[in-house]
Amino acid sequence: MRAVMMRRHGGPEVLEIVDMPPPQPQPGQIIVEVAAAGVNFADIYQRRGTPPYGGELPAVPGMEGAGTVTAVGPGVRDVAEGDRVAWTGMPGSYAEQVPVPADRAVPVPERIDLQLAAAVMLQGMTAHYLSHTTHPVAEGEPVVVHAAAGGVGRMLTQFVKLRGGVVIATTSNDEKAELARQAGADHTARYAEVRDVVRKVTAGAGAVVVYDGVGRTTFDDGLLALRPRGLMVLYGTSSGPVPPLDTGRLAGGSLYLTRPSIAAHIARREDLLWRSGDVFDGIAAGRLSARIGGTYPLTDAPRAHDDLENRRSTGKLLLLPR
């Protein structure tokens with residue numbers, strides 16, 4: 001089978017296509033013929049060697065995908081050959097076939113296309129835990145969603161609106177602002193304008209929560225946009241890591257800061273099924289929508305990475321192995 005391999009850390013050029021023996025199912029595993037693999041910033045961090053994502057080399061990158069089960073290993077009870085499944089958090093997804101622990105795969109309803117399923121696993125469930133668990137958004141709460149035209153941002157905007165929140169969306173240009181409005185954003189702002197827009201929208205009170213997946217370039221203004229006892233949710237660092245923080249900066253407004261990740265929110269299978277089920281149900285019912293910003297063959301994995309990290313895309317990028 002073909003797979004994308006990296007033998008050293010670096011830029012997109014370190015990603016190369018190789019031929020590998022097809023995987024064999026081990027106890028508790030299934031083998032999936034991959035219909036689509038998601039391209040995420042975590043993959044870029046892994047490629048660069050950014051802790052804690054670097055890992056051992058050589059390695060096949062990718063952590064998310066969807067496809068059809070072609071084989072099951074000993075001890076697998078609830079999954080059969082021919083089942084449609086999706087996953088996230090499993091390494092080695094940039095390949096034509098992937099071994100996945102059966103208890104980490106979720107069923108994909110027949111009414112959901114496999115490419116769409118791959119597009120929403122990580123970003124949809126991230127948006128779900130941010131809006132339902134990290135801070136359960138309440139009716140009327142003003143919320144800042146940074147990078148609202150991106151994959152997580154669009155899904156998060158939609159979940160916040162379903163819960164009755166007021167979304168102040170940040171984007172980098174007019175085209176992306178329009179995408180944020182189409183997702184339901186009530187107000188849009190350029191990143192540098194967010195404090196002024198929040199002040200105007202909230203009559204000076206500030207935002208209840210700032211959801212920040214950008215990091216270095218947005219963090220400081222995000223803290224200043226919060227109301228007293230507001231919550232900064234730093235769930236990603238696409239612009240680079242936030243420098244070490246003097247916690248005294250939180251004292252003036254008695255602010256809260258959290259750095260969540262998806263792993264802790266889907267560690268239990270019941271949580272994994274709940275969150276993925278809510279995402280799939282919302283899409284099937286028309287309450288949620290996902291934007292696939294581009295599809296690439298495996299051989300174009302370097303171009304997909306380059307497009308993502310240089311922000312030449314809106315929505316989800318996918319690799320199509322076949």
- Positive for side-chain hydrogen bond (donor to acceptor under 3.5 Å, both in side chains) with H146, one of D221, T170, T217: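 Running side-chain hydrogen bond (donor to acceptor under 3.5 Å, both in side chains) over D221, T170, T217 with H146 returns exactly one hit, T170.
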Salt-bridge test for [X] and [Y]: reply yes if a basic N is under 4.0 Å from a carboxylate O, no otherwise.
{"X": "D246", "Y": "R249", "result": "no"}
{"X": "K161", "Y": "D186", "result": "yes"}
{"X": "R77", "Y": "D103", "result": "no"}

Just jot down the salt bridge (charged side-chain N to carboxylate O under 4.0 Å, His left out) partners of [X], sequence neighbours excluded, or say none.
{"X": "R229", "value": "none"}
{"X": "D196", "value": "R199"}
{"X": "E178", "value": "R181"}

From [X] atom [atom1] to [Y] atom [atom2], the distance as rounded to the nearest 0.5 Å:
{"X": "Y191", "Y": "D212", "atom1": "OH", "atom2": "CG", "answer": "9.0 Å"}
{"X": "W87", "Y": "E64", "atom1": "CH2", "atom2": "CD", "answer": "9.5 Å"}
{"X": "L250", "Y": "L226", "atom1": "CG", "atom2": "CG", "answer": "9.5 Å"}
{"X": "D278", "Y": "L162", "atom1": "CG", "atom2": "CG", "answer": "10.0 Å"}
{"X": "K316", "Y": "R154", "atom1": "NZ", "atom2": "CZ", "answer": "13.0 Å"}
{"X": "E16", "Y": "M6", "atom1": "CD", "atom2": "CE", "answer": "11.0 Å"}

- Listed once per pair and sorted, the ring pair (Phe, Tyr, Trp, His ring centres under 6.0 Å) pairs that draw on residues 208-252, sequence neighbours left out: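 Residue pairs passing ring pair (Phe, Tyr, Trp, His ring centres under 6.0 Å), neighbours aside: none found.
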- Message: According to ring pair (Phe, Tyr, Trp, His ring centres under 6.0 Å), does anything in residues 269-311 pair up with another residue at least two apart or in another chain? List the pairs.
- Response: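 Only Y94-H305, H128-W274 qualify under ring pair (Phe, Tyr, Trp, His ring centres under 6.0 Å).
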- Message: Check whether Q158 reaches the backbone of S289 with its side chain - one donor and one acceptor, N or O, closer than 3.5 Å.
- Response: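 At least one qualifying donor-acceptor pair exists.
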Can you give the donor-acceptor pairs under 3.5 Å from side chains of residues 112-125 to other protein atoms, not counting sequence neighbours?
| unit_1 | atom_1 | unit_2 | atom_2 | d |
| --- | --- | --- | --- | --- |
| D113 | OD2 | Q115 | N | 2.9 |
| D113 | OD2 | L116 | N | 3.4 |

- Determine, stepwise, if the pair D307 / V39 fulfils side-chain contact (heavy atoms from CB on, under 4.5 Å). CA-CA 10 Å; D307 286 348; V39 180; over 6 Å; no
- Message: Between M63 and Q46, does the side-chain contact (heavy atoms from CB on, under 4.5 Å) criterion hold? Intermediate values first, please.
- Response: CA-CA 10 Å; M63 58 181 292; Q46 180 188 15; over 6 Å; no
- Query: Can you check side-chain contact (heavy atoms from CB on, under 4.5 Å) on I30 and V32, steps first, answer last?
  - Reply: CA-CA 6 Å; I30 59 175; V32 184; 3.9 Å; yes
- Task: With the side chain counted from C-beta on, respond yes when E309 and P12 share a heavy-atom pair under 4.5 Å apart, and no when they do not.
- Result: yes
